[in-house]
Number of protein chains: 2
Amino acid sequence: MQFDETDKKLLLFLQQDAKQTTKELSYKLGLSVTAVYERVKKLENNGVISKYVAILDKTKIDRNFIILCHVKLIQHKKEYVMQFEKEVMNLQEVIECFHVSGDYDYILKICVKDMEDYRNFMLTKLTTLQHIASTHSSFTISEVKNTTEITL
Amino acid sequence: MQFDETDKKLLLFLQQDAKQTTKELSYKLGLSVTAVYERVKKLENNGVISKYVAILDKTKIDRNFIILCHVKLIQHKKEYVMQFEKEVMNLQEVIECFHVSGDYDYILKICVKDMEDYRNFMLTKLTTLQHIASTHSSFTISEVKNTTEITL
DNA sequence: GGTGAAAACACTCTCAG
DNA sequence: CTGAGAGTGTTTTCACC
């Protein structure tokens, strides 16, 4: 898919604030309301914009302890991989999970309240999953950057 | 901050789709439009909802190659840490960056088009940063889970 | 590609209760 | 929290550049 400069700016603006009115966007882009409206609709219909979501402040909902957990499976049989992935998807503490190359098979981003909750999560949820050989947790000291915005 | 069941549901709905109208939400929650409106405003003003954003489909904007890069600094002097973090924040390919405990100092989530772009990013951007001792890249084979949604 | 205007509709926001 | 009303934005169509 090809985007001109106006589309790129529009996508940037919408990634920063999805609640802007078409009127505001038309002013920022130097276009008419109709033109902006049609571009936005096109990007939505194309699936370039997949959804609009509210982003919560993790400090205000007691979920500001972030852990990056590296997981190795005992084997890479398709059955094991599928089952592990299915189970991980259902863990609400796991915000992201990537199947990766390298020393570990998966890297999980986990959000909980504090170390006690994490201990609890490990004991009652993660380590009860099947086919896990080992895990290695990296605790977040600080969140340097954490955005959903992709610059085109 | 304390949330009742209605707030929790409301936050879940808004994290799934921020473009729902108050009317739709009032129906789902079994409340009046005004009641929902005031709850949403309160959550916005409290800062629990920090922003509303558009989420793009990475496959449609040629940014679907995700790398988790582990970075070690040569030293942990405050000056080095500050400078590295400042420089990383300005790299648009870096979507997330966490200062973590363990073998590596930082874990970065990087989104680019393909391996060629990543090589380019490493050579012209990441490895030109000061004070880096070593890096280790984990390439994403598949994105098992990648959400912005936090269940309360 | 784009503009501008008009009309119908839906939603936001406030206020009295 | 509710219901109603005023104000505002959205959405669509149109003629036109």
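Note on naming: letters A, B, ... go to the chains in the order of the sequence lines (proteins, then strands), and numbering restarts at 1 for each one.
- Between F84(A) and Y106(A), the ring planes are tilted. Angles from 30° to 60° get that label.
- In this structure, E38(B) atom CD and dG17(C) atom C1' are separated by 13 Å, rounded to whole Å.
- A donor-acceptor contact under 3.5 Å is not formed by the side chain of S32(A) with the base of dG4(C).
- For K41(B) and dC13(C), the shortest distance from a side-chain N or O to OP1 or OP2 is below 4.0 Å.
- Protein atom CZ of R39(B) is 10 Å distant from nucleotide atom P of dT2(D), rounded to whole Å.
- If you measure from atom CG of L29(A) to atom C1' of dT3(C), you get 15 Å, rounded to the nearest angstrom.
- Aromatic ring pairs are classed by plane angle as parallel below 30°, tilted from 30° to 60° and perpendicular above 60°; the pair Y80(A) and H131(A) is parallel.
- Using a 4.0 Å heavy-atom cutoff across all strands shown, T34(A) reaches at least one base atom of the nucleic acid.
- L25(A) places its CG atom 14 Å from the P atom of dG2(C), with the value rounded to the nearest Å.
- Y37(A) has its OH atom 17 Å from the C1' atom of dT3(C), to the nearest Å.
- Remark: P of dA10(C) and OH of Y27(B) are 17 Å apart, rounded to the nearest angstrom.
- For Q75(A), the CD atom is densely surrounded, since the number of other residues' heavy atoms within 6.0 Å is greater than 12.
- The CG-P distance, from L14(B) to dT12(C), rounds to 11 Å in whole Å.
- To the nearest angstrom, P of dA4(D) lies 13 Å from NZ of K23(B).
- Using a 4.0 Å cut-off between charged nitrogen and carboxylate oxygen, E85(A) and K145(B) do not count as a salt-bridge pair.
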